[in-house]
Structures are given as structure tokens and as C-alpha cells.
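Take a look at the structure below.
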Amino acid sequence: MIRDQLKNHIAQAILDAQAAGDLPRFDLPVFTVDHPRQTQVADYAASVAMQLARPAKLAPLQIAQRIARNLRLDGIASCEVVSGYLNLRLTPYYLTRQVEAILEAGERWGNIAIGAGKRVQVEHGSANPTGPLTVASGRNVVIGDTVANALEAAGYQVQREWYVNDAGNQIRHFGESVYARYAQRLAVDEPFPDDGYRGEYIVEIARLIVEREGTRYLSYPRVEARRALGKLGIDMMMDGVRASLARVGIRFDNFFSERSLYESGLFERMLPILREKGLLIEHEGALWFSEDGSPIRKGESRNQQTGDVGPATAGSIIENQKSNKVQAVVIRSPGVVPEPSERPTYFASDIAYVWDKLVVRGFDKAVYVWGEDHQGDVPRLMAVTRALGLDTSRIVLLIYRFITLMRNGQEVRMGKRAGNIVTLDDVVDEVGSDATRFVLLSRSIDTKITFDLDLVKKQSDENPVYYVQYAHARICSILRKAEELASSGVGESSDTHPMAPANAAAPSPTPALASNPRLPGSYEFQHPSELALIRKLLELEEVVEQVATLLQPHHFTTYAQSLATTFSAFYRDCRVLGEAPEVTAARLKLVQATRVTLARTLALMGMSAPEKM
RNA sequence: GCGCCUAUAGCUCAACUGGAUAGAGCACUUGACUUCGGAUCAAGGGGUUGUGGGUUCAAAUCCUGCUAGGCGCGCCA
């Protein structure tokens with residue numbers, strides 16, 4: 001990556017300056033090379049000299065000058081010292097060569113190596129399987145999928161995993177709901193459970209089950225029928241989820257069953273590890289995790305008070321939080337939960353799950369994508385990870401804020417139990433997959449998104465999604481036209497035409513360009529808009545690095561728009577077809593490199609790159 | 001009450017994690033092509049980065065006091 005190269009050159013220059021006695025001895029500091037805000041100032045700038053003022057006991061300007069004196073940039077860039085800054089500008093020669101490099105890299109352009117040899121898991125989605133995929137989960141999976149794309153591009157080996165919450169009492173409620181609808185469908189009087197799932201989709205599931213399986217479950221003992229229908233229903237829900245995900249171009253490598261953590265005995269094996277450290281405490285019949293082994297206080301205060309929220313409760317919570325130590329129930333007491341299989345809490349599963357990720361499967365890093373409603377669970381996951389003797393820096397939690405869905409100028413409230421949900425399918429039907437993904441990606445994950453369905457539809461002309469895709473379609477149009485000109489031999493003879501295939505007999509997807517000879521070594525792009533476009537293309541690697549390290553996928557949308565804008569400026573200023581042959585040839589290459597870059601960026605975002613619109 | 005997150009142009013948001021004169025889109029005003037796609041482009045106005053203090057060569061960014069909002073604080077998931 002060019003930025004790293006420049007940084008290495010500067011570091012070397014500092015060392016050389018020290019060796020030559022130009023600069024005093026000091027340890028090489030951690031410094032950055034970045035883009036100045038004003039692009040006319042420089043392509044890259046380093047402010048090391050300012051950082052070094054103290055250790056070197058010299059004025060920043062002098063330091064910068066001495067670094068610059070020792071800087072050998074090998075024709076990649078020129079350097080200018082401005083008040084302590086090292087301002088670097090890439091040379092037209094270097095930029096011109098990069099166009100060839102991009103075309104050579106092709107679909108791999110944008111790939112970097114920072115993750116080479118490391119395995120990362122990105123767990124996302126993971127919505128309760130008791131209903132269809134909602135728009136709310138849409139943000140989750142789009143973030144997760146895009147982050148996974150970026151990590152892959154950064155060289156990591158990535159596994160995409162969906163955690164299926166198929167344990168716990170919600171599944172029982174679900175089974176009861178399906179059973180009730182099933183019975184009702186068969187005209188058997190069966191009351192609908194109070195805390196059941198009221199959505200229409202349960203009715204639909206019941207209908208399908210009746211269709212496929214007939215009446216046989218009516219003869220089962222009720223508890224068994226509910227369990228069986230629940231399982232059947234979950235499977236059907238997950239099939240639906242997979243289908244919905246496919247519509248937005250998302251696939252998972254693995255669906256991990258929460259229940260399997262218990263069935264495999266893994267959870268049981270976790271307990272001794274924590275117990276040995278004195279972090280598991282029996283309290284009022286329940287099993288608690290106490291981060292520092294301190295006695296459990298919550299239950300006591302609960303007994304003291306009469307049921308109202310009062311000072312006693314508040315006081316004890318403050319006390320617990322003052323020590324900042326996590327205390328959480330792992331297994332509920334039989335007195336509270338009669339059914340043994342429902343006693344482990346969600347947290348219990350988390351304990352075994354993080355172990356499974358980091359130890360059993362040995363991922364170097366595990367990324368969790370969680371909605372803001374789970375933000376309060378972060379401390380206990382961190383605490384228990386630490387307690388298990390694992391490095392907490394190996395888990396990363398992406399907490400995103402919820403979206404508000406607007407329709408007809410009104411906020412749409414959703415609830416799975418109540419049944420008034422808006423599914424991801426609904427939204428995709430209305431605005432399409434590309435627009436859905438773009439909107440859900442376009443903001444930093446800790447910004448609330450207002451997804452106005454009417455606006456996204458109505459203003460589709462001015463939607464940035466289409467702006468970016470339009471640039472790609474326009475490029476394809478130019479390339480098509482170039483091929484037509486080349487194949488019809490209009491203008492020049494085919495063997496001297498810059499766009500003509502070197503070997504006309506060998507067909508290839510883009511014959512005019514794929515086999516085009518290299519630009520002459522002396523050729524250099526000159527026009528400011530050409531050079532600006534190439535610089536913008538080169539940023540792709542930096543954006544990939546940024547998203548892969550910061551795990552903030554919205555940078556792709558910003559970059560895509562900026563790239564499309566830069567291309568538009570080039571398109572306005574520089575004619576491609578019909579110029580002098582070497583100019584047209586060079587610009588065609590630049591246009592093709594832009595297409596590659598734009599298409600890759602769209603692919604990283606999970607969007608299509610249309611050739612026509 | 002406590003914890004996490006947020007506050008930047010009229011609106012929606014960026015700002016590469018401490019760097020130079022804080023940028024885009026929308027909206028508004030005014031313009032542009034007989035040529036590669038007008039789903040385009042150009043120009044213009046618009047800012048005490050919620051607020052008070054602090055840290056240093058340098059703060060939208062870090063610390064801190066307020067203010068406002070979101071989420072969470074269960075033997076729910």
C-alpha cells in the first residue's frame with residue numbers, strides 16, 4: 001500500500017539522518033502518514049517533525065528539513081516541507097504505472113495483507129428464530145456481512161456465523177403458539193397462549209404443517225406435540241431467514257445452535273473452570289457468576305423491599321456498580337424455573353459460546369454484531385472471558401443503533417410478539433436490495449438511521465445508490481462504445497488502433513483492453529482530473545484497511561460516492577474516445593481501472609454493479 | 001440514581017482515531033452541453049463543532065463539570 005511505502009521511506013530517512021548526524025538520537029516514534037484536508041496542498045502529509053520537536057530538541061521546521069534531505073522517494077513522490085509538515089505528492093509517472101497495476105490485479109484489486117494468516121469469525125444476524133427476519137435485523141446482517149467482506153479483502157480467513165437461539169423458554173412459547181394455530185386450523189378448540197407469538201406467520205406455518213403432516217400431532221401428548229411443532233416451526237423459520245438473506249446477497253458459513261452448547265456437554269465443562277477460581281456462587285438456589293468472587297447482594301436487597309422500586313434496590317445496585325464488578329445469574333433456581341432445560345440463562349450460553357469460538361475453534365478474533373439493546377451485556381461477556389483466562393482483545397463487539405422505519409410520515413413500531421413486524425423482505429420488495437443495503441450501511445454504526453421508505457422510493461433519482469451505480473453504468477457504456485469502434489475498424493486500421501486486440505482471434509471478456517499492450521514507459525497522465533482520479537482509485541486499499549481495522553463499514557459508502565464524483569469530474573474534463581490514439585488508449589485503461597475499483601467497492605458493500613441502467 | 005452511546009451547515013450525515021483553512025448529499029439561488037449516458041456537471045450563500053473549564057506545539061476528536069436525547073440496568077431473551 002502506497003501509504004505504508006511512504007511511511008517506511010520517512011522512517012528510513014529519519015534513521016539515515018541520525019546515522020549521518022543530522023538528527024540526534026531518539027527512538028523512532030509511532031507516527032502516521034495521512035491525507036491533508038486540502039488536497040491541493042499534498043497527497044500525503046506527515047507531521048512527525050512536530051512530534052519530534054521535544055525528543056530532538058529542535059524546531060519542527062528544521063527537523064522536517066533534515067528528514068526531507070535524507071528522504072529517497074525513488075520517483076514515487078516529491079516532498080515539500082511546509083512549516084513542519086512533510087508534504088508528499090505522488091508523481092505523474094508513479095500514478096500512471098498504478099493504472100496498469102490495478103488492471104493486473106483485476107478482481108483482487110483492493111486486497112491487502114494485514115490479516116494474512118489470521119482467522120476471524122464474524123457472528124451476526126442471530127435474531128430469535130421465532131419470527132421472520134425484520135428490517136431491524138437487516139442492519140445487523142448488512143453490517144456484519146460488509147465487515148466480513150472487508151476482513152476477507154484484508155487477508156483474514158473469515159467465517160460468517162449465525163447463532164441460532166434455539167434454547168430457552170421462548171422456544172417453548174413459540175411451540176405453544178404453533179400448536180395452538182395448528183389445532184385451530186384443524187378446528188380443535190385450543191386457547192392461544194397469553195405470551196404467545198401473535199404474528200400471522202404462525203398461522204401460515206400451521207397451515208403448511210397441516211398440509212404436509214396432517215393431523216398426527218393431535219394424537220401426541222400435548223407437551224410433546226408442542227415441542228415437535230416448535231422444532232418444526234423453527235426449522236421453517238430458519239429456511240425463510242436463509243431465503244430472505246439470499247435476497248440481499250448474504251450467506252452464512254455456519255448456523256450455530258445454542259442448544260448444542262448444552263447437548264455437547266461444553267457448558268458443563270465450563271463450570272469447573274470458573275468454580276475453581278471461586279467465581280461461581282450458589283445464592284438462593286441459583287448459580288451466580290461473581291467476577292471477583294464477592295458475595296451476591298442483589299437477592300438480599302430484593303428481599304428487603306416489598307416490591308416497589310425503592311431506595312433499597314437503588315442503593316444495592318449502586319453498591320454493586322461502585323465496585324464495578326459483574327454479578328450475573330448463570331443457572332436459575334428450580335424454585336423460579338421448574339423445567340431444568342430452561343434454567344441456564346442467555347449468559348450461560350454466552351460463556352460456553354465464547355469458549356467455543358476462541359478455544360475449541362481457535363479463532364484469533366471473534367466479532368459480535370449486537371443491537372444497542374444488548375449494550376448492557378458487554379461488561380459481563382468481557383468479565384467472563386477474562387475469568388476464563390482469555391484475552392478480551394480477541395473479542396470485538398460492534399454495537400449498532402437501531403433504525404427507525406418511517407412510512408407515510410409515521411414511525412412504524414415493531415414487536416415480534418405483537419406480530420406487527422416489518423420484514424426485511426417487505427423493504428426489499430419496496431426499494432430493492434441495493435438501496436436497502438446502501439441505506440443501512442451509509443451511516444456510522446452508532447448513529448440512528450431513519451429509514452423512510454417513501455423517501456427512498458420517491459427520491460430514487462437522487463439516491464446516492466443510483467449515483468454510484470450510474471457512474472459504473474456510464475463507464476461500461478464508454479467501454480462498449482470503444483469495443484464497437486475497435487471491432488468495426490472505424491477510423492484506423494485495426495493493427496495500429498490502440499484499442500484493438502493484439503490477437504484478434506482470441507476472444508476474451510473485454511478484448512479491447514485485456515490484451516492491450518502496456519502503455520509506453522514514457523507515457524504519463526498529465527491532466528489534473530486524470531491524476532486526481534488515479535489518486536482516488538489508490539485509496540481503495542486504505543479504505544479496506546480502515547474498515548477492516550476499525551470495523552466501521554460506512555466508510556465504503558463515503559468512498560464510493562467520492563469515487564463516483566471524482567470520475568464524473570474526469571468525465572467532464574477529459575474526453576476518452578476520439579482523442580489522439582495514445583491518449584485514448586491511456587484513458588481507456590484509466591476508465592477500465594475505475595470500473596474495476598467501483599465494481600469492487602460495490603461488491604464489498606454487497607451491491608450490484610450494473611452495466612446498464 | 002448508575003452505566004454505555006449520541007449532540008457538527010436549515011435537514012441527514014462525514015471528517016482516515018490528536019494535525020494545516022471542519023467537508024459531502026439534500027434543500028435554496030444562479031448557471032452549463034448539437035460530441036463518450038442530463039440518473040450529469042459548475043458556481044454561491046450557509047459553522048463560536050450543545051455548553052463551561054482543562055490537557056499541548058496542535059482539540060470536532062482526549063479529560064472533566066453541566067444540558068438535551070437514545071439504549072440498558074430482571075433468577076427475560
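All values reported here derive from a predicted model rather than from experimental measurement.
- rA9(B) is unpaired under the criterion used here, namely a Watson-Crick or G-U wobble arrangement in which both key atom distances are under 3.5 Å.
- Among the atoms of the strands shown, base atoms are found under 4.0 Å from some heavy atom of R3(A).
- In the set rA20(B), rC5(B), rC36(B), rC5(B) carries the atom at the smallest distance from any side-chain atom of D446(A).
- A donor-acceptor contact under 3.5 angstrom links the side-chain atoms of N87(A) to the base of rA20(B).
- Both the sub-6.0 Å distance and the 45° axial angle are not jointly satisfied by K448(A) relative to the ring of F402(A).
- Comparing atom distances between the L577(A) side chain and each of rC36(B), rG70(B), rG23(B) picks out rC36(B) as nearest.
- The P atoms of rU49(B) and rA20(B) are separated by 14 Å, rounded to the nearest whole Å.
- With a cut-off of 3.5 Å on both pairing distances, rA39(B) has no Watson-Crick or G-U wobble partner at all.
- A straight line from CG of L485(A) to P of rU35(B) spans 17 Å, rounded to a whole angstrom.
- Relative to the side chain of Y467(A), the nucleotides rG37(B), rC57(B), rU40(B) differ in distance, and rU40(B) lies closest.
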Exercise. Just do the side-chain contact (heavy atoms from CB on, under 4.5 Å) check on Y353(A) and F256(A) with the steps written out, would you?
Key: CA-CA 10 Å; Y353(A) 194 28; F256(A) 189 95; 3.6 Å; yes

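- A donor-acceptor contact under 3.5 Å is not formed by the side chain of E372(A) with the base of rU6(B).
- Rounded to whole Å, the P atom of rG10(B) lies 23 Å from the corresponding atom of rG70(B).
- Other residues, nucleotides and ligands contribute over 12 non-hydrogen atoms within 6.0 Å of the CD atom of Q5(A).
- Look at the C1' atom in both rU35(B) and rA43(B): the space between them is 24 Å, to the nearest Å.
- Within the nucleic acid shown, Q552(A) comes within 4.0 Å of at least one base atom, counting heavy atoms only.
- Within 4.0 Å (heavy atoms only), R575(A) reaches at least one base atom of the nucleic acid.
- Regarding contacts with the backbone of rC36(B), every side-chain N or O of R474(A) stays at 4.0 angstrom or more from both OP1 and OP2.
- The gap from the C1' atom of rG1(B) to that of rG19(B) amounts to 40 Å, rounded to the nearest Å.
- Residue side chain Q375(A) reaches the base of rG3(B) through a donor-acceptor N/O pair under 3.5 Å, judged by distance alone.
- The CD1 atom of I351(A) sits 13 Å away from the P atom of rA77(B) (whole-angstrom rounding).
- As judged by a 4.0 angstrom heavy-atom cut-off over every strand, C476(A) is placed among residues making no nucleic acid contact.
- In the interface, the side chain of S477(A) is not paired with the base of rC36(B) through any donor and acceptor atom under 3.5 Å apart.
- In this structure, the nucleotide among rC16(B), rU40(B), rU21(B) sitting nearest to the side chain of H35(A) is rC16(B).
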Exercise. Just do the salt bridge (charged side-chain N to carboxylate O under 4.0 Å, His left out) check on R89(A) and E80(A) with the steps written out, would you?
Key: CA-CA 8 Å; R89(A) 187 162 279 284; E80(A) 188 190 6; over 6 Å; no

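- Heavy atoms of E539(A) sit nowhere under 4.0 angstrom from any nucleic acid atom.
- A distance of 5.0 Å separates CZ of F438(A) from OG1 of T557(A), quoted to the nearest 0.5 Å.
- Look at R343(A) and you won't find any side-chain N or O under 4.0 angstrom from OP1 or OP2 of rC76(B).
- Within the 4.0 angstrom heavy-atom criterion, only backbone atoms of the sugar-phosphate kind lie near H554(A); the bases stay farther away.
- The line from OG of S349(A) to CG of L261(A) is 6.0 Å long, rounded to the nearest 0.5 Å.
- Both distances falling under 3.5 Å, in either a Watson-Crick or a G-U wobble arrangement, place rG72(B) opposite rC2(B).
- Within the 4.0 angstrom heavy-atom criterion, base atoms lie near R401(A).
- Comparing rC13(B) with rG50(B), their P atoms sit 15 Å apart, to the nearest whole Å.
- N165(A) comes within contact range of no nucleotide atom at all, as no heavy-atom separation falls under 4.0 Å.
- Among rC13(B), rC75(B), rC36(B), the nucleotide with an atom closest to any side-chain atom of S333(A) is rC75(B).
- Pairing for rG18(B) is absent, with no Watson-Crick or G-U wobble pair whose two atom distances lie under 3.5 Å.
- Taking atom C1' in both rU12(B) and rU21(B), the straight-line distance is 25 Å, to the nearest Å.
- For an aromatic pair to be called close, the ring centres must be under 6.0 Å apart, and H173(A) with Y197(A) fails this.
- Within the 4.0 angstrom heavy-atom criterion, no nucleotide atom of any strand lies near Q40(A).
- Across all strands, A45(A) comes closer than 4.0 Å to base atoms (heavy-atom distances).
- Between V326(A) and A383(A), the closest heavy-atom pair is CG2-CB, 3.8 Å.
- Across rA20(B), rA39(B), rA77(B), the shortest atom-to-atom separation from the side chain of N128(A) is found for rA77(B).
- Taking the side chain of T447(A) as heavy atoms from C-beta on, and the options rA20(B), rG37(B), rA14(B), the nearest nucleotide is rA14(B).
- In this structure, T450(A) reaches neither bases nor backbone, as no heavy-atom distance under 4.0 Å exists between it and the strands shown.
- Of the candidate nucleotides rA15(B), rG37(B), rU6(B), rA15(B) has the atom nearest to the side chain of R37(A).
- Distances from the side chain of V336(A) to the nucleotides rC75(B), rG70(B), rA14(B) place rC75(B) closest.
- Backbone-only engagement by T558(A) is indicated by non-hydrogen atom pairs under 4.0 Å involving sugar-phosphate atoms exclusively.
- Contact annotation: T345(A) side-chain N/O to rA77(B) OP1/OP2 distance is not under 4.0 Å.
- The same atom, P, is picked in rA60(B) and in rU51(B); the two are 12 Å apart, to the nearest Å.
- Between F567(A) and Y571(A), the ring planes are tilted. Angles from 30° to 60° get that label.
- The 5' end of RNA chain B is approached more closely, in terms of each residue's nearest nucleotide, by V82(A) than by the other of A473(A) and V82(A).
- In this model, the phosphate group of rA42(B) is approached by a side-chain N or O of R572(A) to a distance below 4.0 Å at OP1 or OP2.
- Put simply, H374(A) rests on the base of rA77(B): the two rings are less than 5.5 Å apart at their centres and nearly parallel, under 30°.
- For the pair R380(A) and F289(A), the cation does not sit on the ring face, since its NZ or CZ is not both under 6.0 Å from the ring centre and inside 45° of the axis.
- Straight-line distance between the P atoms of rG44(B) and rG53(B): roughly 35 Å, to the nearest whole Å.
- Summarising the base pairing, rU34(B) is matched to no nucleotide, lacking a Watson-Crick or G-U wobble pair whose two defining distances lie under 3.5 Å.
- Across all strands shown, V41(A) has heavy atoms under 4.0 Å from base atoms, whether or not it also approaches the sugar-phosphate.
- Base engagement by A286(A) is indicated by at least one non-hydrogen atom pair under 4.0 Å involving a base atom.
- Of all nucleotides present, only rC28(B) satisfies the Watson-Crick or G-U wobble test against rG44(B), with each distance under 3.5 Å.
- In the set rA39(B), rG38(B), rG70(B), rA39(B) carries the atom at the smallest distance from any side-chain atom of Y466(A).
- Nucleotides of RNA chain B nearest to Q51(A) and S568(A) differ in position, and the one nearer the 5' end is that of Q51(A).
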